[in-house]
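A quick write-up on the structure given underneath.
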Amino acid sequence: MAVTDPRKDPARNVPATLASLLDEGRALLGTDADAMIDLRQLVTGISGIDRARQIIDPEQSLSEAAATRLRRAFYDRAKGIPVAYILGARGFWRHDFRVTPDTLIPRPETEILLEWALELLSVDDQVTVADLGTGSGILAVCLAVERPRAMILASDLSAGALKVARENQQTIVPSHPIHWFQGNWADCLADECLDMIVSNPPYIPDDDPHLSTGDLRYEPRTALAAGLDGLDDYRVLFAEAVRVLKPGGHILVEHGFDQSAAIMALLTQVGFTSLITRSDYAGLPRTTGGHKPGR
Ligand SMILES: C[S@@+](CC[C@H](N)C(=O)[O-])C[C@H]1O[C@@H](n2cnc3c(N)ncnc32)[C@H](O)[C@@H]1O
């Protein structure tokens, strides 16, 4: 079906009921389960009407402004723009994080990495932890919330991502400063200064066709692609990690479901021991942790 940009069609910018707007949305996005999830998220995010009230009162009217914003959102989603970028937010852990096209959209699997880090750090630990490749800041900010006595550092190559990460810290955990730095992984850090590194680096092979389809084509390529085998960033990151971790320090990284053997081999090569891989909610091996010997 031809999709008309509501910005160029003032006749469509009129008030409407929720039910009629949802019909317009279905006509654009389809009626499968994924499309329905997107539609409901857009309605909730833009109108502020929660899911229960959408179902109880489908005939309620939306203001002209809300109807117009919703029609634009349906149009943008029909073009392929991810819901999180349309709304400018995505939930992670217990918080709403601002996201922009400069940041990766946070994924639920990354909560497994966070949970693991929290298991290793007790609430009163006065440790120093770095989130390398912080993106929107999800790991750094959640660690600052959950471990108030820890010193948190976070790096990213992207100035745009760091700007968003700072905004998230100021909104979610303003009382806990995070030390942000723009750079290549840990290159700004002194030797043996960290107790723990958490990282979700890029890990998709450059020629993976998924990079140019679906939602991924809208996300920053520098957040996703990592050389021919998808392991280029781990090679640099692990060499840096051995330098900046204290003896006894931990590294926890996310990776692709088929990369755990390669990640273990790379960690072993640079001297990490006690390697363990944890699986995601679908049972796929997605997070590996290791320990720098010496304590
Ligand atoms: C997969 S994203 C993860 C973002 C965030 N940690 C998350 O889980 O949503 C990888 C991040 O690493 C950053 N990055 C890529 N290369 C980097 C490098 N050489 N040094 C530091 N950060 C880098 C990207 O800009 C991106 O924000």
Side-chain angles (χ1 to χ4, degrees), residues 82-85 88-93 95-118 129-145 152-169 172 178-189 194 196-206 208 210-211 215-227 230-241 243-244 251-257 259 263 278 280-281 286-289:
V83 169
Y85 289 154
R90 173 54 47 101
F92 180 83
W93 203 242
H95 312 285
D96 265 340
F97 281 83
R98 180 167 139 68
V99 295
T100 73
D102 280 326
T103 68
L104 187 89
I105 299 167
R107 308 292 205 269
E109 300 82 65
T110 309
E111 292 186 355
I112 290 160
L113 178 55
L114 175 63
E115 264 171 3
W116 193 352
L118 294 176
V129 182
D131 170 17
L132 303 180
T134 192
S136 59
I138 50 170
L139 293 171
V141 168
C142 292
L143 285 166
V145 171
I152 313 289
L153 316 172
S155 77
D156 207 289
L157 211 49
S158 157
L162 281 172
K163 181 170 178 287
V164 174
R166 275 178 208 275
E167 287 170 15
N168 281 321
Q169 179 257 324
I172 296 168
I178 293 175
H179 304 273
W180 307 102
F181 54 96
Q182 189 179 359
N184 188 19
W185 302 121
D187 65 355
C188 307
L189 299 181
L194 299 177
M196 179 183 281
I197 289 172
V198 293
S199 184
N200 174 19
Y203 52 74
I204 302 179
D206 286 345
D208 188 320
H210 293 105
L211 286 170
D215 286 5
L216 285 191
R217 77 199 128 125
Y218 287 92
E219 294 185 270
R221 199 174 164 94
T222 47
L224 298 168
L231 300 172
D232 278 4
D233 285 299
Y234 295 106
R235 294 187 179 94
V236 183
L237 177 62
F238 294 166
E240 281 282 280
R243 181 181 67 77
V244 296
I251 182 166
L252 303 176
V253 295
E254 183 170 319
H255 49 75
F257 70 91
Q259 291 174 324
I263 296 296
R278 287 196 178 179
D280 66 11
Y281 305 115
R286 292 298 304 280
T287 312
T288 292

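Atoms within each ligand, like the ligands themselves, are counted from 1 in listed order. Just so it is clear, the values below take in all heavy atoms, side chains as well, and ignore hydrogens, waters and symmetry mates.
The heavy atom nearest to atom 3 (C) of ligand 1, out of those in V236, D233, N200, is found in N200.
Taking atom 15 (C) of ligand 1 as the reference point, the nearest protein heavy-atom neighbour is T222 O, 3.2 Å. Among all non-hydrogen protein atoms, the one lying nearest atom 20 (N) of ligand 1 is W185 N, 2.8 Å. The closest protein non-hydrogen atom to atom 5 (C) of ligand 1 is T134 O, 3.3 Å. In this structure, atom 19 (N) of ligand 1 lies nearest to the protein heavy atom N184 OD1, 2.7 Å. Atom 7 (C) of ligand 1 has as its closest protein heavy atom I138 CD1, 3.6 Å. Scanning the protein heavy atoms around atom 22 (N) of ligand 1, the nearest turns out to be L157 N, 3.3 Å.
Close contacts between ligand 1 and T110 involve ligand atoms 8 (O) [criterion: under 4.0 Å to a heavy atom]. Heavy-atom contacts of G135 reach the following atoms of ligand 1: 4 (C), 27 (O) (cutoff under 4.0 Å).
In this pair, Y234 and F238 present their aromatic rings tilted. The plane angle is within the 30 to 60° band.
Considering backbone and side-chain atoms together, A223 places no N or O closer than 3.5 Å to any N or O of ligand 1. The N/O atoms of G133, backbone and side chain alike, include one that comes under 3.5 Å of an N/O atom in ligand 1. Note: an N/O pair closer than 3.5 Å links G183 and ligand 1 by distance alone. Residue-to-ligand polar distances place D156 within reach of ligand 1: an N/O pair is separated by less than 3.5 Å.
Side chain of D131 to main chain of A154: no donor-acceptor pair is present (N/O by atom type, distance under 3.5 Å, no hydrogens or angles). E111 places a side-chain N or O within 3.5 Å of a backbone atom of W93 that can act as its donor or acceptor partner. S199 places a side-chain N or O within 3.5 Å of a backbone atom of L132 that can act as its donor or acceptor partner. Side-chain atoms of Q182 never come within 3.5 Å of backbone atoms of L162 as a donor-acceptor pair (strictly under, hydrogens ignored). When atom types are taken as modelled, the side chain of E240 and the backbone of D187 share a donor-acceptor pair closer than 3.5 angstrom.
Just one residue in the list N200, T287, T288 forms a side chain to side chain donor-acceptor pair (under 3.5 Å) with H255, and that residue is T288.
The closest approach between P202 and ligand 1 falls below 4.0 Å for a heavy atom of the residue.
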(Q) For R107 and E219: C-alpha separation, side-chain torsions, deciding distance, then whether salt bridge (charged side-chain N to carboxylate O under 4.0 Å, His left out) applies. (A) CA-CA 12 Å; R107 308 292 205 269; E219 294 185 270; 2.7 Å; yes

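Remark: N168 CG to I138 CD1 distance equals 9.5 Å, nearest 0.5 Å.
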